[in-house]
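Just so we're clear, the structure is a prediction, and the values are computed from it rather than from any experiment. A, B, ... follow the sequence lines: proteins, then strands. Residue 1 opens every chain.
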Protein chains: 2
Amino acid sequence: MATQRPDLPTPPGRKPRRAAPARQPLSQDVIVDTAIRVLDAEGLEAVTMRRVAQELGTGPASLYAHVSDKEELRELMLDRVTGEVVLPVTDPARWQEQLKEIAHEIRRVYTSHGDIAKVSIGLIPTGPNLLTIAEAQLDLMRVGGVPPKIAALAVDALGMYIDADAVEDTVYTARLGADEDAWEHFHRYLNEVRAYFRGLPADRYPNIVGMVAELTSGAGDERFEFGLDILIRGIASYVDAPPSA
Amino acid sequence: MATQRPDLPTPPGRKPRRAAPARQPLSQDVIVDTAIRVLDAEGLEAVTMRRVAQELGTGPASLYAHVSDKEELRELMLDRVTGEVVLPVTDPARWQEQLKEIAHEIRRVYTSHGDIAKVSIGLIPTGPNLLTIAEAQLDLMRVGGVPPKIAALAVDALGMYIDADAVEDTVYTARLGADEDAWEHFHRYLNEVRAYFRGLPADRYPNIVGMVAELTSGAGDERFEFGLDILIRGIASYVDAPPSA
DNA sequence: ACCTGAACACCGTTCAAGT
DNA sequence: ACCTGAACACCGTTCAAGT
């Protein structure tokens with residue numbers, strides 16, 4: 001590695017080999033790394049070709065040798081991130097609980113990476129890490145006795161629910177930059193919504209007005225848990241009871 | 001209206017009152033109208049401030065007198081579109097079916113307006129039309145005996161599912177412009193996915209490889225129906241049986 | 001093969017100036 | 001009050017040219 005002795009200063013008149021070599025040789029990996037760093041710090045909107053290139057000390061055109069376009073970069077980011085999801089070993093006795101554990105784990109990983117869930121929505125999962133997750137979910141439903149067709153659709157429905165929830169979580173926390181106290185801002189907004197609902201004409205919206213508390217409660221984990229429960233109950237209802245349709 | 005006699009040509013030397021008056025006086029309504037026209041024809045991405053302004057024969061700056069920013073315009077578009085949703089009159093005996101009917105109706109309206117569902121995802125519904133839909137859903141669950149807390153969360157979960165499905169539907173049909181046969185393109189892509197799944201290592205992805213048919217079937221209505229069924233079954237499971245949590 | 005500068009055809013938003 | 005031109009600070013992508 002060291003063909004040079006760094007303890008001696010460069011002799012006068014000797015030029016460094018290159019003016020300013022890019023710190024790291026460009027590659028798909030370092031591009032995705034950098035993009036994720038920007039994502040974590042400033043959200044998906046900040047991940048532009050130009051911004052990523054700048055972060056790497058080069059121009060935007062240089063990225064196109066390693067990534068076909070911005071959409072591909074986003075999908076590569078998603079698959080990298082989903083690699084952080086830790087999956088349980090299938091335990092037939094706990095298939096419903098483990099299905100929930102996976103959902104919680106995906107949610108944890110997504111919400112720790114800005115609004116990456118936006119990339120996932122409406123995308124057929126083909127990246128290796130997303131496939132591994134689907135495989136684990138299918139395995140749990142198989143041992144649980146869920147009919148294959150239902151299981152396939154359930155993977156879809158679960159994915160949609162997790163994605164949509166993660167996006168919702170980040171929309172309000174990421175709407176304002178990281179400089180403001182996002183959580184407090186969200187609560188202020190929630191209070192505005194509550195007041196707005198309460199002020200609605202009760203004759204036109206009797207159910208909404210009568211359920212303001214329920215509609216604006218559980219902002220986070222609790223709400224997610226309940227929705228998940230609805231889904232898992234629905235899935236479990238097909239065990240030994242084929243769909244009527 | 002006519003203070004001028006249009007059958008006679010303008011006398012020489014008489015100038016028309018104004019050089020080229022904008023066809024319609026600018027207003028929030030005509031801006032939203034125009035934006036939706038662009039959405040229907042070319043999708044949400046094409047709805048830019050500049051494009052809408054151009055369509056109205058003016059500059060982008062002119063829109064800011066009627067709309068605070070692009071995000072507000074998008075939300076106004078969403079609420080306008082949801083006004084097309086036709087709601088059933090609550091029939092207690094058919095609450096589950098009617099809940100499904102509403103879901104289908106929203107899906108129909110969304111998919112007929114490009115990828116407008118993208119605006120809905122992760123947005124607390126506050127527009128009058130979205131509130132009317134939520135009110136109808138809550139009413140059905142109330143007469144069905146669903147506990148209020150579950151009903152509130154179910155509105156959320158249903159919304160997420162419908163939104164995510166509508167986005168998925170449009171991602172692949174709208175990805176290529178309207179000039180190509182989008183449906184055929186989608187089928188070709190689906191076949192690629194099938195071949196890709198089939199070629200996966202069966203020892204690592206036994207469930208996926210063994211369920212290729214189920215995983216890539218029902219592209220449209222059928223898949224939506226099944227997912228909806230899972231959700232409604234889950235919701236119904238709470239009737240006279242409070243949540244364990 | 002990989003990288004780059006410069007250009008092309010776009011963005012959202014602001015603001016001083018006009019009517 | 002409403003509208004506008006011009007400007008500012010950005011975009012994604014292409015392409016001929018360099019090494």
Side-chain angles (χ1 to χ4, degrees), chain A residues 15-35 38-39 41-78 114-115 118-119 171 174-177, chain B residues 15-35 38-39 41-78 114-115 118-119 171 174-177:
Chain A
K15 286 190 236 145
R17 255 106 47 149
R18 261 176 281 154
R23 234 74 82 260
Q24 334 171 51
L26 234 38
S27 74
Q28 198 174 78
D29 264 11
V30 309
I31 290 171
V32 174
D33 278 349
T34 310
V38 176
L39 165 74
E42 298 170 48
L44 198 59
E45 281 225 335
V47 181
T48 67
M49 293 293 178
R50 297 180 108 100
R51 176 65 194 282
V52 172
Q54 190 198 71
E55 216 77 22
L56 287 163
T58 181
S62 304
L63 307 183
Y64 287 83
H66 304 93
V67 140
S68 69
D69 59 12
K70 197 189 170 190
E71 182 55 28
E72 189 183 275
L73 174 55
R74 286 159 78 112
E75 292 176 19
L76 289 168
M77 289 166 71
L78 176 66
D115 39 358
K118 275 185 186 144
V119 178
V171 160
R175 181 163 274 188
L176 303 208
Chain B
K15 285 190 234 143
R17 254 107 48 152
R18 260 177 281 154
R23 234 76 79 263
Q24 335 170 51
L26 234 38
S27 74
Q28 198 174 79
D29 264 11
V30 310
I31 290 171
V32 174
D33 279 348
T34 309
V38 175
L39 164 75
E42 298 170 46
L44 198 61
E45 280 225 335
V47 181
T48 66
M49 293 296 188
R50 297 180 108 100
R51 175 66 193 281
V52 172
Q54 190 199 69
E55 215 77 22
L56 287 163
T58 182
S62 304
L63 307 183
Y64 287 84
H66 304 93
V67 140
S68 69
D69 58 12
K70 197 189 167 188
E71 182 56 29
E72 188 183 275
L73 174 56
R74 286 159 78 114
E75 292 176 20
L76 289 168
M77 289 166 70
L78 176 66
D115 39 358
K118 273 183 188 145
V119 179
V171 159
R175 182 162 274 188
L176 302 208

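- One interatomic measurement links the two molecules: CZ of B:R74 to C1' of C:dC11, which rounds to 13 Å at whole-angstrom precision.
- The CD-P distance, from A:E72 to D:dG12, rounds to 15 Å in whole Å.
- Contacts of A:S62 with the nucleic acid, taken as non-hydrogen atoms under 4.0 Å apart, include base atoms.
- Residue order along DNA chain D, read from the 5' end via each residue's closest nucleotide, puts B:P60 first among B:P60 and A:A46.
- With D:dG12, C:dC15, C:dG5 as the choices, the nucleotide that has an atom nearest any side-chain atom of A:A61 turns out to be C:dG5.
- Residues A:I31 and A:L76 are not in side-chain contact: their nearest non-hydrogen atoms beyond the backbone lie 4.5 Å or more apart.
- Two residues, A:A65 and A:R50, neighbour DNA chain C, and the one matched to the more 5' nucleotide by heavy-atom proximity is A:A65.
- Between the CE atom in B:M77 and the NZ atom in B:K70 there is a gap of 9.5 Å [rounded to 0.5 Å].
- The nearest whole Å value for the distance from the CD1 atom in A:I31 to the C1' atom in D:dG12 is 15 Å.
- In DNA chain C, the stems built from three or more successive Watson-Crick or G-U pairs (distances below 3.5 Å) are C:4-8 with D:12-16, C:12-16 with D:4-8.
- Going from atom CG of B:D115 over to atom CD of B:E42 covers 12.0 Å, rounded to the nearest 0.5 Å.
- Between B:L63 atom CG and C:dC11 atom P the separation is 12 Å, expressed in whole Å.
- Both B:D69 and A:H66 sit near DNA chain C, but only A:H66 has its closest nucleotide nearer the 5' end.
- Going from atom CD of B:E45 over to atom P of C:dA9 covers 20 Å, rounded to whole Å.
- Toward the 5' end of DNA chain D, the nearer of the two residues A:R51 and A:S68, judged by each one's closest nucleotide, is A:R51.
- Of the listed nucleotides (D:dC3, C:dA6, D:dG12), D:dC3 has the atom at the smallest distance from the side chain of B:L26.
- For the atom pair CG of B:L39 and CZ of B:R74, the computed distance is 10.0 Å after rounding to the nearest 0.5 Å.
- In this structure, A:Y64 places its OH atom 15 Å from C1' of C:dA6, rounding to the nearest Å.
- Between B:K70 atom NZ and D:dC11 atom C1' there is a gap of 11 Å when expressed in whole angstrom units.
- One distance of note links OG1 of B:T48 with CD of B:Q54; it measures 8.0 Å at 0.5 Å rounding.
- When the P atom of D:dC2 is taken as reference, atom CG of B:L56 falls 16 Å away, rounded to whole Å.
- Look at A:T58 and you won't find any side-chain N or O under 4.0 angstrom from OP1 or OP2 of C:dC3.
- Atom C1' of C:dC11 sits at a distance of 12 Å from the matching atom of D:dC8, rounded to the whole Å.
- Of the possible donor and acceptor atoms, one in the side chain of A:Q28 sits under 3.5 Å from a partner among the backbone N and O of A:H66.
- The CG atom of A:D29 lies 10.0 Å from the OG1 atom of A:T34; values are rounded to the nearest 0.5 Å.
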